[in-house]
There are 2 protein chains.
Amino acid sequence: MNSASDLAALAALLADETRAAMCLALLDGRAWTAGELAIQTGVARSTATEHLHRLIDGGLLVERRQGRHRYVQLAGPSVANLLEDLSARLEPRQAPARGLRAAAVSAALRRGRTCYDHLAGRLGVAVTDAMTGAGLLDQTGGFALTAAGLAWLTGPVGLDPDVLRFGKRPLARGCLDWTERRQHLAGVAGARLCEKFFDNSWVVRIGSGRAVRLTLNGKAALRDLLGVPDID
Amino acid sequence: MNSASDLAALAALLADETRAAMCLALLDGRAWTAGELAIQTGVARSTATEHLHRLIDGGLLVERRQGRHRYVQLAGPSVANLLEDLSARLEPRQAPARGLRAAAVSAALRRGRTCYDHLAGRLGVAVTDAMTGAGLLDQTGGFALTAAGLAWLTGPVGLDPDVLRFGKRPLARGCLDWTERRQHLAGVAGARLCEKFFDNSWVVRIGSGRAVRLTLNGKAALRDLLGVPDID
DNA sequence: ATCTCATTTCGGCGGGTACCGAACGGTCGC
DNA sequence: GCGACCGTTCGGTACCCGCCGAAATGAGAT
């Protein structure tokens, strides 16, 4: 009805620990089956079904049915964005427990990972910092790709200029990194750059999680493109 | 405990219609008493007290006790930011009902209003567009104040350069306008600029709400500073 | 001191919902 | 076709939480 009840309805979707855990798991950007999410969150399959219904009805998730499987996925970058913002708000309060938290999070995850569709962790922050230092990103007056940055992406990096023009999603956006407490590059540019990293095998996934590892090729590429001496 | 339960706890704060309405009312950036919020949301005072406790404990609100009154306020720009993002997510789904919504929202509110601590509505969007057109803001590669924009704020506009350097809050940030469906300027620059508008009586509040009206002085200032012909 | 008024605490009621297990319905592989 | 597997539907239970009114608290005002 009114705007308050809409806001409450949206918040209610995430107000349950199981649904929240599902969304956080889906933050890796990939599609999960209903059963996988049931196991991940530790509830019965029937319970997971109900939760997924609500999340899909609420527009946070989309489904794709394939044979006897039902794959669900975040509905888009804006949902991932929202979840990141909410998670970021949690961090400051947990800051005092930094030592413990740092130990709880795997070293690989802190070193590098994907954050929905872009790079995060020390790797993501290092790339962002190097781009800023090279005048490709402007972080002093907000967060934006400079003209030089656009030229760099379409030139040396070799991205198609067309894929960088995409509707209303911003070209560059800062995303607060929850392990580094620093911003890293998100938005269309972040997503396409991440894609490029995978396509060129500059990074590879570690196991089945969202952690990634920089390859030797990747290190060389970062040196050539950004003058990054060595990460980690 | 884990990150999912923290996220759920945060979302639960907004998952109640009464608490959501309180937060939306507080989005005007001002401090309200507990009683005022009880009336605004239509619940008993005792109920309002309980809700405010939860919102304060959760870190979304801060209180300031003054005599027998208890004033509450949003805990800061980051909370306002979060509420804006959540509200923005609601809009696309309500877009089809645009005609009806437009009628329901007062014309004054659509013309100009405050959004926590910066300008919004047609006025806010017009200022943002004029700044972008003049090369003071960069919206093509994200959302950032340009060097020229910084010089403009500290020069012609007359802002103190020191107040523009403030901790981790970004200098410029885009905030989605829920009546105009366009971005307007937020962040430190947006807040200080809005302050200037009030200090110079370029805008004045209409009644007790969050709607504002551009004065004759304000129109002249916009013409001089940004070459804006006439708004509305 | 006494009155007034904003706010808070407490007990209790009622509704919403997360959860599970069991039964059911598709889909795939043999 | 038959078993194995994934997902869904359907009771039924337990619990949480929002709500109110009445009584209590605390800070001005007279």
Side-chain angles (χ1 to χ4, degrees), chain A residues 1-26 30-58 60-73 208, chain B residues 1-26 30-58 60-73 208:
Chain A
M1 190 70 87
N2 53 44
S3 143
S5 67
D6 289 338
L7 173 56
L10 173 59
L13 292 177
L14 298 173
D16 176 77
E17 182 171 346
T18 302
R19 283 195 297 270
M22 287 175 166
C23 289
L24 289 178
L26 288 165
R30 291 183 288 186
W32 293 52
T33 67
E36 285 170 342
L37 284 171
I39 295 170
Q40 167 79 17
T41 56
V43 295
R45 283 193 297 273
S46 57
T47 305
T49 294
E50 293 168 5
H51 285 311
L52 292 178
H53 262 142
R54 291 193 56 175
L55 290 170
I56 290 169
D57 285 348
L60 293 184
L61 266 46
V62 290
E63 67 177 346
R64 189 162 41 91
R65 307 188 99 101
Q66 225 170 70
R68 58 179 163 182
H69 291 279
R70 177 209 209 179
Y71 289 95
V72 294
Q73 204 170 2
S208 62
Chain B
M1 190 71 87
N2 53 44
S3 142
S5 66
D6 289 338
L7 173 57
L10 173 59
L13 292 177
L14 298 173
D16 175 76
E17 183 172 344
T18 302
R19 282 194 297 270
M22 287 175 167
C23 289
L24 290 178
L26 288 164
R30 291 183 288 185
W32 294 51
T33 66
E36 284 171 343
L37 284 171
I39 294 170
Q40 168 78 17
T41 56
V43 295
R45 283 190 294 273
S46 57
T47 306
T49 293
E50 291 168 6
H51 286 311
L52 291 178
H53 261 143
R54 291 192 57 175
L55 289 171
I56 290 169
D57 285 348
L60 293 185
L61 266 44
V62 290
E63 66 177 347
R64 188 162 43 89
R65 306 189 99 101
Q66 226 171 68
R68 56 181 164 179
H69 291 280
R70 177 207 208 181
Y71 287 96
V72 293
Q73 205 169 359
S208 62

OP1 or OP2 of dA18(C) sitting under 4.0 Å from any side-chain N/O of Thr18(A)? no
Does Ala8(B) offer a backbone N or O that forms a donor-acceptor pair with the side chain of Arg19(A) under 3.5 Å? no
Counting side-chain heavy atoms from C-beta on, which of dC5(C), dC6(D), dA18(C) comes nearest to Arg68(A)? dC6(D)
Value in whole Å for how far the P atom of dA6(C) lies from CG of Leu37(B): 14 Å
Taken to the nearest whole Å, CG/Leu52(B) to C1'/dA6(C) is 13 Å
Applying the side chain to side chain contact (heavy atoms under 4.5 Å, CB included) test to Leu37(B), which of Thr49(B), Val43(B), Leu52(B), Thr18(B) qualifies? Leu52(B)
Integer-rounded Å distance: dC17(D) P and Leu13(B) CG: 11 Å
Over how many whole Å does the gap from Gln66(A) atom CD to dC6(D) atom P extend? 15 Å
OP1 or OP2 of dA22(D) sitting under 4.0 Å from any side-chain N/O of Ser46(B)? no
Using modelled atom types only, decide if a donor and an acceptor are shared between the side chain of Arg45(A) and the backbone of Gly35(A) within a distance under 3.5 Å. no
May I ask you to evaluate whether Thr47(A) reaches the phosphate of dA18(C), defined as a side-chain N or O under 4.0 Å from OP1 or OP2? no
Assign Arg45(A) to base, sugar-phosphate, or nothing according to its heavy-atom contacts below 4.0 angstrom with the strands shown. base
Rounded off to whole Å, could you give me the CE-to-P distance for the Met22(A) and dC19(C) pair? 8 Å
What is the distance from atom OH of Tyr71(A) to atom CD of Glu36(A), rounded to the nearest 0.5 Å? 7.0 Å
Report yes if at least one side-chain N or O of Arg70(A) is closer than 4.0 Å to OP1 or OP2 of dT8(D); otherwise report no. yes
OP1 or OP2 of dC17(D) sitting under 4.0 Å from any side-chain N/O of Arg19(B)? no
Quick check on dC17(D): is either OP1 or OP2 less than 4.0 Å from any side-chain nitrogen or oxygen of His51(B)? no
For Trp32(B) and dT7(C), what is the distance between atoms CH2 and P respectively, to the nearest whole Å? 13 Å
Send over the distance from His53(A) NE2 to dA18(C) C1', rounded to a whole Å. 16 Å
So, is Arg54(A) close to the dA18(C) phosphate, meaning a side-chain N or O under 4.0 Å from OP1 or OP2? yes
For Arg65(B), give me all partners under side-chain hydrogen bond (donor to acceptor under 3.5 Å, both in side chains), at least two apart in sequence or on another chain. Glu63(B)
